[in-house]
Structure formats: C-alpha cells, structure tokens
Amino acid sequence: MKLHLPLGTRILAIAVAAAAIAAGQAVPASAAGPLKDITNRWVGSAVAAGPLGSQQDYRSVLTREFDSVTPENEMKWAVVEPNRNQFNWSGADAIVNYAQQNGKSVRGHTLVWHSQYPNWLNNLGGGELRNVVREHINTEMGRYRGKIRAWDVVNEIFEENGSRRQSIFQQRLGDGFVAEAFRAARAADPSAKLYINDYNTEGMNAKSNAVYNLVRTLKQQGVPIDGVGIQTHLATRYGYPSGFRQNLERLAALGVDIAITEADVRIQLPVDQNKLNQQATMYKRIWDDCHAVPRCVEFTTWGYTDRHSWVPGTFPGEGAACLFDSNLRPKPAYTRINP
C-alpha cells in the first residue's frame, strides 16, 4: 500500500490550481488534487498502448490522475505469443516503459485465462499444456521481473453458480492448475503480489462464496496467494451489490489483500442527470467500501474515459460507464469521489 499522504498535499494542490487559474493555464479536474493524491490506496486505470502513444490529452489526464496502470489487452497470452515461440511485446513494453518514466505502478493482467489465449494451446495434451503454462508464466513474468507490482495470475475460473468453469485449463489440468500457476508465479517474480481475479463477486453470492472458499483452501495449503481481485463491473439498472463491504471484510480476514481491479458503472442510454447521479452514488460506495477495509489496497477502473470504454461494444444500449466523458471532462462520479 502507498504511504499515507500529508494533509498539506491537498492544501498545496489547491494553491497550485489557484496559481494556474491566475496564469490562464489548465487546472486539474479537482482543485483539491488528482485522485492519486487524495488516498493511500493505489488508484489505477486500464490503458491501451494505442491511445497512450497517440493521444496526448488522454495520456496527460491519465498521468495526472492515476498512479497505477493495467494493460487492457497487451499482456494477454494471445497477444504476447499468438504463435508458439513467436512473441510480440511491443504493447506491453510501451505501457511498462510509460509507467517507469512517469513513476506509475503496473498491474499485470492476466496470465491464465479461459479467454484470449492462443489457439495453438488447443492442440496440446494435458502434460504438454502443464509445461507450456509454466513456461508462459516464467517467460512473461520474467521479462518484467521487478517492474510489476501485482499480477492477476488466474482470471475468471468460476461460473455464476460457484462451480469451476470448464476451461481448457480446468479440463486438461484439473483443479490443481490454480495452485500450480501461483507457485510458478512466485518463483518467476518473488517481489510481485499474486492475485486471483473475477467478476460478479462483489457481493455475497454463490460465486463470491466459491472464491472465498478457494482462497481459504489455498492459504491452508501454503499456496503463495497474496490477494483477491474484484472486477466490479456494475450497472445502474441493477443497483449496488448487497453485502459488498461484508465480502471485502471476510476476504481480508483470510490474510489477503483485496483490489478493485476493473471498476465501471454502466448506464442505460440515453444519459440524463438522474442516471449520472445514480452512477456517482455507486462509484462513491465502491470507493468508500474499499477505504473502510484496510486490506483493500487498490481502486482501479477499467478505463477512465468513455472515449475508450469497452462497454458500448459489449452491452448494446448501455455506456457512459467511466469517471470522465469522451472529451475527458470529469463526470459527477469523479467529483463525488473527489469534491
């Protein structure tokens, strides 16, 4: 976790903003200071290498507001090794280099996932697949060893009813693939924090129960798991998940950290002020629930601007899910968190 920031940080930010106004310069979205300066949690956003490299306004607001970045797709297996032993690190390298040059932390996403893995894995038997998974973890984590704060080691391994998703890894490697992946990850980069990550696990339900029970078992077995990632893709139409804070508290009691890893709150289009206010309330509740649990160490959104949000392409008729609009103007959700 970041060090606590002195009270003077906000006072100084206000003074800087006032000076900027007097000089006719652009000011931060909040006169009290950017999001990263008002909390001792990591505050992050998913980013894509394309706009990071080509859109100066996008890069500028990202740099101002956040101190952690998560590659949106650039570290996924299908991207970095589309063909066996043929690697493409360009996007991942660009994001890591940006982070190092600008004093940002990086969340690695993701090593073992049922989606966006290369097709050539489908041709492998269980024994060879097990070796290849270990090699993949060693290769990718080894390339960025010491440069990644936390990794989503395994991603989305449960169905909604709490059963194991019948992925290629589950079917060919069995239940033990999760522990094997974590042990390989610890060996590949002992300094990185290792997480399991999933969606629809915010409140108390069958899926979050399955995550809790698995993490408890892994801890009992001595498996090196450091944290639980809760994606937090919410929608105003469904309201706020029941038992969110209770779920965070029970996970923390297991001795692991918790990270909000992919937060967004989508709205049924068209947008109006009432919907934006409802969205703002939900974002503030996520923020407050994380801050109420000491072991909730990170608040990361899945993109920070509607300009590049994944939501409209995935949920037809919904959108406007981010803290900033397409013109990079802060929305009520931002100012509710950072008044």
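These figures come from a predicted structure and were not determined experimentally.
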Please lay out, stage by stage, how Asn338 and Tyr334 fare under the test side chain to side chain donor-acceptor pair (under 3.5 Å).
CA-CA 6 Å; Asn338 190 16; Tyr334 175 94; 3.2 Å; yes
Measure from NZ or CZ of Lys207 to the centre of the six-membered ring of Tyr212 and say whether it is under 6.0 Å with the direction within 45° of the ring axis.
no
Is any side-chain heavy atom of Leu194 less than 4.5 Å from a side-chain heavy atom of Arg186?
yes
Would you say the side chain of Leu276 lies within less than 4.5 Å of the side chain of Ile267, judging by non-hydrogen atoms?
yes
Side chain to side chain donor-acceptor pair (under 3.5 Å) between Asn277 and Gln273, worked out
CA-CA 6 Å; Asn277 289 337; Gln273 193 61 47; 3.3 Å; yes
Compare all side-chain heavy atoms of Pro241 with those of Leu234 and state whether any distance is below 4.5 angstrom.
yes
Is Glu128 salt-bridged to Arg84, going by a charged N under 4.0 Å from an acidic O?
yes
Answer with yes or no whether the hydrophobic clustering places Phe87 together with Met141; edges join I, L, V, M, F, W, Y residues whose side-chain heavy atoms lie under 4.5 Å apart.
yes
Arg245 with Asp289: basic N within carboxylate O range, under 4.0 Å:
yes
Is there side-chain contact between Thr236 and Arg266, with heavy atoms separated by less than 4.5 Å?
no
Test side chain to side chain contact (heavy atoms under 4.5 Å, CB included) on Lys147 and Val106; report intermediate values, then the result.
CA-CA 7 Å; Lys147 300 178 180 180; Val106 181; over 6 Å; no
Determine, using the 4.5 Å side-chain heavy-atom cutoff (strictly less than), whether Leu218 and Leu251 are members of one ILVMFWY cluster.
yes
Between the CH2 atom in Trp42 and the CG atom in Asp257, the distance rounded to the nearest 0.5 Å is 12.5 Å
Is a side-chain donor or acceptor of Asn213 paired with a backbone partner of Asn209 at a separation under 3.5 angstrom?
yes
What heavy-atom pair brings Val271 and Leu269 nearest, and what distance separates the two atoms?
CG2-CD2, 3.8 Å
Could you give me the CA-CA distance, side-chain angles and deciding distance for Arg295 and Glu249, then say whether salt bridge (Lys or Arg N to Asp or Glu O under 4.0 Å) is met?
CA-CA 8 Å; Arg295 295 207 71 152; Glu249 290 170 341; over 6 Å; no
Verify the neighbour count for atom NZ of Lys193: are there more than 12 heavy atoms of other residues, nucleotides or ligands below 6.0 Å?
no
Candidate list Asn197, Asp152, Thr261, Thr300, test side-chain hydrogen bond (donor to acceptor under 3.5 Å, both in side chains), partner Arg107, passing option
Asp152
Joint cluster assignment, Met204 & Val215, ILVMFWY side-chain distance < 4.5 Å
no
Output yes when a side-chain donor or acceptor of Thr63 lies under 3.5 Å from a complementary backbone atom of Arg59, and no otherwise.
yes
Which heavy-atom pair separates Ala321 from Ser309 by the least distance, and what is that distance?
CB-OG, 4.4 Å
Taking the six-membered ring for Trp and the full ring for Phe, Tyr or His, determine whether the centres of Trp151 and Tyr144 are under 6.0 Å apart.
no
Under the criterion side chain to side chain donor-acceptor pair (under 3.5 Å), I'd like the reasoning laid out for Gln231 against Glu202: C-alpha separation, chi angles, the key distance, then a yes or no.
CA-CA 8 Å; Gln231 293 186 14; Glu202 294 78 23; over 6 Å; no
Are any of the side-chain nitrogens in Glu180 or Arg134 under 4.0 Å away from the carboxylate oxygens of its partner?
no
Any side-chain heavy-atom pair of Tyr304 and Val47 under 4.5 Å:
no
Does Leu173 share a hydrophobic cluster with Ile168, counting links as ILVMFWY side-chain heavy atoms below 4.5 Å and allowing steps through other members?
yes
Worked verdict on Thr232 versus Tyr199 for side chain to side chain donor-acceptor pair (under 3.5 Å):
CA-CA 6 Å; Thr232 323; Tyr199 65 94; over 6 Å; no
Between Arg307 and Asp57, is the closest basic N to carboxylate O distance under 4.0 Å?
yes
Aromatic plane relationship, His109 with Trp113 - under 30° parallel, 30 to 60° tilted, over 60° perpendicular:
tilted
Provide the closest heavy-atom pair for Tyr117 versus Ala78 in the form atom of the first, atom of the second, distance.
C-CB, 3.7 Å
Does the plane of the ring in Tyr58 sit parallel, tilted or perpendicular to the ring in His308? Use 30° and 60° as the thresholds.
perpendicular
Is the positively charged end of Arg41 above the ring of Phe299, judged by distance under 6.0 angstrom from the centroid and angle within 45° of the axis?
no
Answer whether the closest heavy-atom distance between the side chains of Tyr240 and Ile286 falls below 4.5 Å.
yes
What are the two closest heavy atoms between Gln268 and Lys275, and how far apart are they?
O-NZ, 2.8 Å
Closer than 3.5 angstrom, by distance alone: can the side chain of Glu81 be matched with the main-chain N or O of Asn85 as a donor-acceptor pair?
yes
Is Asn122 atom CG crowded by more than 12 heavy atoms from other residues, nucleotides or ligands, each under 6.0 Å away?
yes
If you take all heavy atoms of Asp189 and Arg145, which pair is closest and at what distance?
OD2-CA, 3.4 Å
May I have the step-by-step check of side chain to side chain contact (heavy atoms under 4.5 Å, CB included) for Arg336 and Tyr283, ending in yes or no?
CA-CA 8 Å; Arg336 188 75 60 84; Tyr283 262 112; over 6 Å; no
Can you give me the closest heavy-atom contact between Gly319 and Pro312, atom names plus distance?
CA-CG, 4.3 Å
Could you check whether any side-chain heavy atom of Trp310 comes within less than 4.5 Å of a side-chain heavy atom of Trp302, counting everything from C-beta outward?
yes
Check whether any side-chain heavy atom of Ser45 lies under 4.5 Å from a side-chain heavy atom of Leu62, and answer yes or no.
yes
If Ile, Leu, Val, Met, Phe, Trp and Tyr residues are connected whenever their side-chain heavy atoms lie under 4.5 Å apart, and connections chain through other members, are Phe169 and Val79 in the same group?
no
Using only atom types and a distance under 3.5 Å, with no angle test, would you say the side chain of Asp37 pairs donor to acceptor with the backbone of Gly33?
no
If we ignore hydrogens and angles and just use 3.5 Å, is the side chain of Glu74 paired with the main-chain N or O of Ala49 as donor and acceptor?
yes
Judged by atom type as modelled, is there a donor-acceptor pair below 3.5 Å linking the side chain of Asn83 to the main-chain atoms of Gln86?
no
Which is it for Val223 and Lys219 under the side chain to side chain contact (heavy atoms under 4.5 Å, CB included) test, yes or no, and what are the steps along the way?
CA-CA 6 Å; Val223 176; Lys219 292 286 288 184; over 6 Å; no
Set out, in order, the CA-CA distance, both residues' side-chain angles and the distance that settles side chain to side chain contact (heavy atoms under 4.5 Å, CB included) for Glu65 and Val43, then state yes or no.
CA-CA 8 Å; Glu65 294 288 338; Val43 183; over 6 Å; no
